[in-house]
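When reading the values below, keep in mind they use all heavy atoms of this one structure, side chains included, and skip hydrogens, waters and symmetry mates. All residue numbers refer to positions in the sequence shown, counting from 1.
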Amino acid sequence: MPARVEIRSLLKDEWSQASAAFLDYTYLQTWDYGIGCAAQVGAVSEHLAVRLEGEIIALSEVRTKRVPGTGTGVAAIRTGPLVRRGLATDGEHLNLALHALRAHFVDERGLVLRLLGIPSLDGWSTTQEQAMLANGFRSSSRGNPYRTIIVDLDRDAAAVRAGLHRKWRNHLNRGERNGLEITVGDSDELFDQFLPLYESSAERKGFSSHLNGAFYRALHAALPAAERFRLRLVHSAQGELLGGAVSSFLGDTCHYVMGGINPRGMRDKANRPAFAA
């Protein structure tokens, strides 16, 4: 590790303050999400800053777990490290951060370091891949490939709408003609209204996850005001709850977290306005 680069553990308040400066910060790197996920698998959540001559150039939440009797274990960075600040040096800082993290966890602590980058537009995903390879990481066949859809919202609403798939756009038009009403907010009460809808949808679709609705409800309550999820609930003109979605607005990206809809909501296309609002 270059002598001018160091890794330092952060406290919760320090993490919250530092993370706000990074464009790639998401709910997946919030303090409480990392702590909660680590507890699910008996791991330890470490919140680390990579500093260059005293300046924080990267952040990384790392979950570590020792394998008894082996002298080793795993350090997992589920999404990260956080590097993007819109600076010309972002790519250089990514390389320095990866080099420092590998030295810290692999060379010094004898752990296997696993890393999942952050999906992004404008070639940053390629930059991450090249930096990982340059710092000794290699693609693993043990995990499932990560797939997602990213929509560029740096356009006016008409251009975004025109870029949607025709069938999706037609369903959105139908939903808008049905006189649906959308409520937006971040209160615990809205989450409590949404949760049964999500759970019934998950059961109907046969969807399961170790991070269930109760996990996200507890996370929502624990998050500071600036990091809480945004909920959108869709009601019929008669006031019946039909569908809803939970999203996170941190950094420069809105992340869809979870959604739910009932049979009437599917008929009335309530899920399209919920996502588009």
### Query
Taking side chain as C-beta onward, heavy atoms only, is Arg174 less than 4.5 Å from Asp268?
no
### Query
For residues Arg232 and Ser247, is any side-chain donor paired with an opposing acceptor at under 3.5 Å?
yes
### Donor-acceptor pair between Glu227 and Tyr25 side chains, under 3.5 angstrom
yes
### Message
For the backbone of Arg85 and the side chain of Asp90, can you confirm whether one donor and one acceptor N or O come within less than 3.5 Å of each other?
### Response
yes
### Message
As an exercise, state the distance from OG1 of Thr183 to CZ of Phe194, rounded to the nearest 0.5 Å.
### Response
14.0 Å
### Residue pair Ser60 / Leu101, side-chain heavy-atom distance below 4.5 Å
yes
### Message
Pairing donors with acceptors under 3.5 angstrom, does anything connect the side chains of Glu46 and Thr64?
### Response
yes
### Query
Within the side chain of Glu14, is there an N or O that forms a donor-acceptor pair under 3.5 Å with the backbone of Leu11?
yes
### Chi angles and distances behind the side-chain contact (heavy atoms from CB on, under 4.5 Å) call for Leu242, His235
CA-CA 5 Å; Leu242 304 178; His235 294 81; 5.9 Å; no
### Message
Pair Thr26, Gln29 - check side chain to side chain donor-acceptor pair (under 3.5 Å), show working.
### Response
CA-CA 6 Å; Thr26 76; Gln29 295 96 23; 3.1 Å; yes
### Task
Answer yes or no: is there a side-chain heavy-atom contact under 4.5 Å between Arg204 and Met266?
yes
### Query
Would you find more than 12 non-hydrogen atoms of other residues, nucleotides or ligands less than 6.0 Å from Asp156 atom CG?
yes
### Query
To the nearest 0.5 Å, how far apart are CD in Gln128 and CG in Asp24?
7.5 Å
### Query
Do Ile57 and Thr89 have side-chain heavy atoms sitting under 4.5 Å apart?
no
### side-chain contact (heavy atoms from CB on, under 4.5 Å) assessment of Ile56 paired with Arg8
CA-CA 9 Å; Ile56 294 178; Arg8 176 176 175 268; 5.9 Å; no
### Query
Taking a hydrophobic cluster as the set of Ile, Leu, Val, Met, Phe, Trp and Tyr residues connected by side-chain heavy atoms closer than 4.5 Å, whether directly or through intermediates, do Ile77 and Val83 fall within one such cluster?
yes
### Task
Please check if the side chain of His255 supplies one atom and the backbone of Val257 the other of a donor-acceptor pair under 3.5 Å.
no
### Message
Can you confirm whether Gln17 is buried at CD, in the sense that more than 12 heavy atoms of other residues, nucleotides or ligands lie under 6.0 Å from that atom?
### Response
no
### Message
Using 0.5 Å steps for rounding, measure from the NZ atom of Lys269 to the CG atom of Asn178.
### Response
9.5 Å
### Query
Distance-only, no hydrogens or angles: does the Ser209 side chain make a donor-acceptor pair with backbone N or O of Leu211 under 3.5 Å?
yes
### Query
Which heavy atom in Leu10 sits nearest to a heavy atom in Ala18, and how many Å separate them?
CD1-CB, 4.4 Å
### Task
Identify the two heavy atoms, one from Ala100 and one from Val5, that lie closest to each other, and give their separation to 0.1 Å.
CB-CG1, 3.8 Å
### Query
What are the two closest non-hydrogen atoms of Tyr256 and Ala245, and how far apart are they?
CE1-CB, 4.2 Å
### Query
Side-chain donor-acceptor pair under 3.5 Å between Arg267 and Asn262, yes or no?
no
#### Entry: Nearest non-hydrogen partners of Met258 and Gly213, listed with the distance
CE-CA, 4.1 Å
### Query
Quick one: are Arg109 and Arg66 in side-chain contact, heavy atoms under 4.5 Å?
yes
### Message
Under 4.5 Å between side-chain heavy atoms, counting indirect links through other Ile/Leu/Val/Met/Phe/Trp/Tyr residues: same cluster for Ile149 and Ile118 or not?
### Response
no
### Task
Return yes if some donor-acceptor pair links the side-chain N/O of Thr127 with the main-chain N/O of Gly123 below 3.5 Å, else return no.
yes
### Task
Determine, using the 4.5 Å side-chain heavy-atom cutoff (strictly less than), whether Leu153 and Val246 are members of one ILVMFWY cluster.
no
### Query
Do side-chain atoms of Arg228 reach the backbone of His220 as a donor and acceptor pair under 3.5 angstrom?
yes
### Task
Output the distance between atom CG (Asp252) and atom CG (Leu23), rounded to the nearest 0.5 Å.
5.0 Å
### Task
Begin from the C-alpha positions of Asp13 and Trp31 and carry the test side-chain contact (heavy atoms from CB on, under 4.5 Å) through to its verdict.
CA-CA 9 Å; Asp13 289 345; Trp31 182 279; over 6 Å; no
### Query
Is the count of non-hydrogen atoms from other residues, nucleotides or ligands lying under 6.0 Å from Asp154 atom CG greater than 12?
no
### Query
Is Ile150 close to Thr148 at the side-chain level, that is, under 4.5 Å between some pair of heavy atoms?
yes
### Query
Quick one: does Arg84's side chain get under 4.5 Å of Trp124's, heavy atoms only?
yes
### Task
Can you establish whether the number of heavy atoms outside Gln40 located under 6.0 Å from its atom CD is more than 12?
yes
### Worked verdict on Leu233 versus Ile182 for side-chain contact (heavy atoms from CB on, under 4.5 Å)
CA-CA 6 Å; Leu233 301 185; Ile182 300 176; over 6 Å; no
### Query
Where do Tyr27 and Ser248 come nearest, in terms of heavy atoms and distance?
CB-OG, 3.5 Å
#### Entry: Same apolar cluster: Val41 and Leu116, side chain cutoff 4.5 Å
no
### Atom CZ of Arg78 with >12 non-hydrogen neighbours under 6.0 angstrom
no
### Message
Using every non-hydrogen atom in the two residues, find where Ser9 and Leu48 come nearest and quote the distance to one decimal.
### Response
OG-CD2, 3.5 Å
### Task
Using the six-membered ring wherever Trp is involved, compare the ring planes of His47 and Trp15 and label them parallel, tilted or perpendicular (cut-offs 30° and 60°).
perpendicular
### Task
Please answer whether the main-chain N or O of Pro119 pairs with a side-chain N or O of Ser125 as donor and acceptor at a distance below 3.5 Å.
no
#### Entry: Euclidean distance, Thr79 OG1 relative to Leu28 CG, rounded to 0.5 Å
4.5 Å
#### Entry: Rounded distance (nearest 0.5 Å) linking atom CG of Leu223 with atom OH of Tyr33
11.5 Å
### Query
Do Arg138 side-chain atoms and Leu133 backbone N/O form a donor-acceptor pair below 3.5 Å?
no
### Message
Are Ile261 and Phe229 linked, directly or through intermediate hydrophobic residues, by side-chain heavy-atom contacts shorter than 4.5 Å (ILVMFWY only)?
### Response
no
### Task
Begin from the C-alpha positions of Glu189 and Arg217 and carry the test salt bridge (charged side-chain N to carboxylate O under 4.0 Å, His left out) through to its verdict.
CA-CA 11 Å; Glu189 291 75 17; Arg217 174 62 179 87; over 6 Å; no
### Task
Begin with the C-alpha distance, continue with both residues' side-chain angles, and end with the deciding distance and a verdict on salt bridge (charged side-chain N to carboxylate O under 4.0 Å, His left out) for Glu61 and Arg63.
CA-CA 7 Å; Glu61 188 266 322; Arg63 292 165 214 165; 3.1 Å; yes
### Query
Just wondering, do Met132 and Gln130 contact through their side chains at under 4.5 Å, heavy atoms?
no
